[in-house]
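What follows is a single structure, written as structure tokens, with notes after it.
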Amino acid sequence: MSPKEGLDGCSSIADLAVLARDCRSCGLREGCRGVVFGKGSPKAKLMFIGEGPGADEDRQGLPFVGAAGQLLDKIIAAAGFTMNEVYIANIVKCRPPGNRNPSPEEAAACRPWLLKQIELINPAIIVLLGSVALQNMINPQARITRERGKWILKQGIYCMATYHPAALLRDATKKRPVWEDIKQVRDRYRRLFGGQS
């Protein structure tokens, strides 16, 4: 039995993470140290999805711990959220070689894990970080420059794409648009859940 065959009966994020450790659905697992499953609260109403782990994430086994992750932490905190209110995951759970974008086949192989994460966490809002997340979750032809900052309702979840934190490290002019997007996320969160955050 492959690990994915047990997904339907899986009822917790912790159990799902254990199952994911043994996944060999694509070749990425052979070239990395381990599966980088996710981090944050399993009861979060706000979820962030990036593209895939980098070298720091692969070493530590957690998503968004390198320079881009530290910037994401600052953005989350500046919006008034704590790490206990969010959950962070990626389109693929294993590091692509050389930090390249995951291929469509790799993303498709990992998709059942991410969809099960979303199902178990049941977020009200998902922030899609970068074009890889946008294209894999919403539309393969979508362009981040056109779609960022716009709300997309998908299966009852409010989704918004914005630039990946790594893009902000390369181009500081993207910081203002991201902050405008995150303020929209914060405001919708407050409307949905009262005065929290």
Side-chain angles (χ1 to χ4, degrees), residues 28 32 35-40 44 46-79 81 83 85-111 113-115 117-118 121 123 125-152 154 157-186 188-189:
L28 289 180
C32 67
V35 171
V36 179
F37 188 73
K39 71 177 181 181
L46 174 58
M47 187 171 181
F48 291 82
I49 299 175
E51 58 190 49
D56 292 324
E57 290 75 16
D58 189 38
R59 265 192 303 279
Q60 296 186 42
L62 293 168
F64 284 92
V65 294
Q70 291 165 25
L71 180 54
L72 179 61
D73 289 349
K74 289 177 183 173
I75 292 168
I76 290 169
F81 295 103
M83 293 310 290
E85 294 175 292
V86 303
Y87 191 88
I88 303 172
N90 280 307
I91 292 296
V92 295
K93 310 294 180 212
C94 296
R95 180 190 180 204
N99 288 356
R100 65 165 169 76
N101 288 342
S103 70
E105 295 75 22
E106 290 159 350
C110 213
R111 189 171 177 79
W113 298 110
L114 179 59
L115 294 181
Q117 276 179 305
I118 294 169
I121 293 163
I125 300 171
I126 295 177
V127 178
L128 302 168
L129 299 168
S131 59
V132 171
L134 170 65
Q135 290 167 357
N136 279 282
M137 295 302 295
I138 303 298
N139 179 346
Q141 271 68 54
R143 294 291 168 259
I144 191 73
T145 50
R146 284 200 305 264
E147 300 303 324
R148 61 141 289 272
K150 299 177 184 174
W151 286 110
I152 303 160
K154 181 159 180 153
I157 300 171
Y158 291 101
C159 299
M160 181 180 287
T162 194
Y163 295 119
H164 193 285
L168 277 61
L169 295 174
R170 295 188 297 268
D171 179 359
T173 65
K174 290 184 166 68
K175 288 184 178 180
R176 167 105 4 231
V178 168
W179 181 237
E180 295 304 319
D181 299 342
I182 295 299
K183 285 195 294 186
Q184 284 194 72
V185 169
R186 177 195 64 196
R188 184 171 293 271
Y189 188 98

Practice problem: Answer whether the closest heavy-atom distance between the side chains of W113 and V92 falls below 4.5 Å. | Solution: no
Quiz item: Can you find a heavy atom in the side chain of I76 that is under 4.5 Å from one in the side chain of F48?
Solution: yes
Quiz item: So among K93, R100, R95, which one has a salt bridge (Lys or Arg N to Asp or Glu O under 4.0 Å) with E106?
Solution: R100
Practice problem: With sequence neighbours left out, write down each residue that passes salt bridge (charged side-chain N to carboxylate O under 4.0 Å, His left out) with D58, or none if nothing qualifies. | Solution: none
Quiz item: Hey, what do you get for CD (Q70) to CG (L169), rounding to the nearest 0.5 Å?
Solution: 9.5 Å
Quiz item: Would you say K183 has more than 12 foreign heavy atoms packed within less than 6.0 Å of its NZ?
Solution: yes
Quiz item: Does any N or O in the side chain of K154 come within less than 3.5 Å of the main-chain N or O of M137, such that one atom is a donor and the other an acceptor?
Solution: yes
Quiz prompt | Contacts of type ring pair (Phe, Tyr, Trp, His ring centres under 6.0 Å), residue F64, not counting sequence neighbours | solution = H164
Self-check item: Separation between CD1 of I75 and CG of L129, rounded to the nearest 0.5 Å
Solution: 8.0 Å
Quiz item: So, K174 side chain and L168 main chain: donor-acceptor pair closer than 3.5 Å or not?
Solution: no
Quiz item: Does a sphere of radius 6.0 Å around NZ in K175 hold more than 12 heavy atoms from other residues, nucleotides or ligands, not counting ones at 6.0 Å or beyond?
Solution: no
Quiz item: With a 4.5 Å limit on heavy-atom distance, are the side chains of P123 and L46 in contact?
Solution: no
Quiz item: Among I152, I125, I118, whose side-chain contact (heavy atoms from CB on, under 4.5 Å) with I157 holds?
Solution: I118
Quiz item: Looking at L128 and C159, what are the two nearest heavy atoms and their distance?
Solution: CD1-CB, 4.4 Å
Quiz item: Would you say M83 and I88 make side-chain contact, with heavy atoms under 4.5 Å?
Solution: yes
Quiz item: At their closest point, which heavy atom of A133 faces which heavy atom of G50, and how far apart are they?
Solution: CB-O, 4.0 Å
Self-check item: Side-chain (E57) to main-chain (G66) donor-acceptor, under 3.5 angstrom
Solution: yes
Quiz item: Which pairs pass salt bridge (charged side-chain N to carboxylate O under 4.0 Å, His left out) with one or both residues in residues 133-149, sequence neighbours excluded?
Solution: R148-D181
Exercise. Would you name the heavy atoms of A161 and I144 that are closest together and state the gap between them?
Key: CB-CD1, 3.7 Å
Exercise. Say whether, by atom type as modelled, one donor and one acceptor occur between the side chain of N139 and the main chain of Q141 under 3.5 angstrom.
Key: yes
Quiz prompt | Smallest separation among heavy atoms of A107 and I91, with atom names | solution = CB-CG2, 3.7 Å
Quiz item: What distance do E51 atom CD and Q135 atom CD have between them, rounded to the nearest 0.5 Å?
Solution: 10.5 Å
Quiz item: Is a donor on one side and an acceptor on the other found under 3.5 Å between the side chain of Q117 and the backbone of F37?
Solution: yes
Quiz prompt | Taking every non-hydrogen atom, the tightest pair across C32 and C94 | solution = SG-CB, 3.6 Å
Quiz item: Got a second to check how far I49's CD1 is from Y87's OH, nearest 0.5 Å?
Solution: 10.5 Å
Quiz prompt | Side-chain donor or acceptor of N136 paired with backbone N/O of V132 under 3.5 Å | solution = yes
Quiz item: Looking only at heavy atoms, what is the nearest atom pair of N99 and A55, with distance?
Solution: OD1-N, 3.6 Å
